[in-house]
Amino acid sequence: YIVRTAHFLVPALASEDCFALGITISKKIGNAVCRNRLRRRIKSWFQQRNPLPRVKINLVARKGAGVLSWDDLCDELTQVITGLEARASS
């Protein structure tokens, strides 16, 4: 199944083992500094969040994701996890 937000597309696959995260950020998002900053911020958010649903996801950034403030990024990632948990429970 797929979860979509304004700046992220998240294909997910149910997993019996644990949570797994892949991050895809294309050159359309910005230069290397912008892409790496976004990747570090996403990883940091997921490291702070516990527990995570048992799914394998690939977080694909869309245009505009590179300029999100920390609060906006947190809100979008919370929407992603909420969507994943809702789909996993149904």
**Report entry** For Thr24, side-chain hydrogen bond (donor to acceptor under 3.5 Å, both in side chains) partners two or more places apart
**Finding:** Asn58

Query raised in the report: Closest heavy-atom contact between Ala12 and Ile57?
Result: CB-CG2, 3.8 Å

Query raised in the report: Linking Ile, Leu, Val, Met, Phe, Trp and Tyr through side-chain heavy atoms less than 4.5 Å apart, which residues share a cluster with Val60?
Result: Ile2, Leu9

Query raised in the report: Among pairs that include at least one residue of residues 30-40, which meet side chain to side chain donor-acceptor pair (under 3.5 Å), considering only residues two or more places apart or in two chains?
Result: Asn36-Arg39

**Report entry** Connected via hydrophobic side-chain network under 4.5 Å: Val67 and Ile23
**Finding:** no

Query - Any pair counted as ring-ring contact (aromatic ring centres under 6.0 Å, His included), so long as it reaches residues 25-80, sequence neighbours left out - result: Phe19-Phe46

**Report entry** By side chain to side chain contact (heavy atoms under 4.5 Å, CB included) - contacts of Ala61 (at least two apart)
**Finding:** Phe8, Ile25, Ile29, Leu38, Ala65

Query raised in the report: What are the two closest heavy atoms between Val3 and Gly83, and how far apart are they?
Result: CG2-C, 4.1 Å

Requested in this report: Can you run down the side chain to side chain donor-acceptor pair (under 3.5 Å) pairs that involve residues 5-18, sequence neighbours left out, and say none if there aren't any?
Outcome: Thr5-Glu76, His7-Glu76

Report summary line: Taken in chain and number order and not counting sequence neighbours, the residues that satisfy side-chain hydrogen bond (donor to acceptor under 3.5 Å, both in side chains) with Asp72 are Ser69

Query raised in the report: Which pairs pass salt bridge (Lys or Arg N to Asp or Glu O under 4.0 Å) with one or both residues in residues 52-69, sequence neighbours excluded?
Result: none

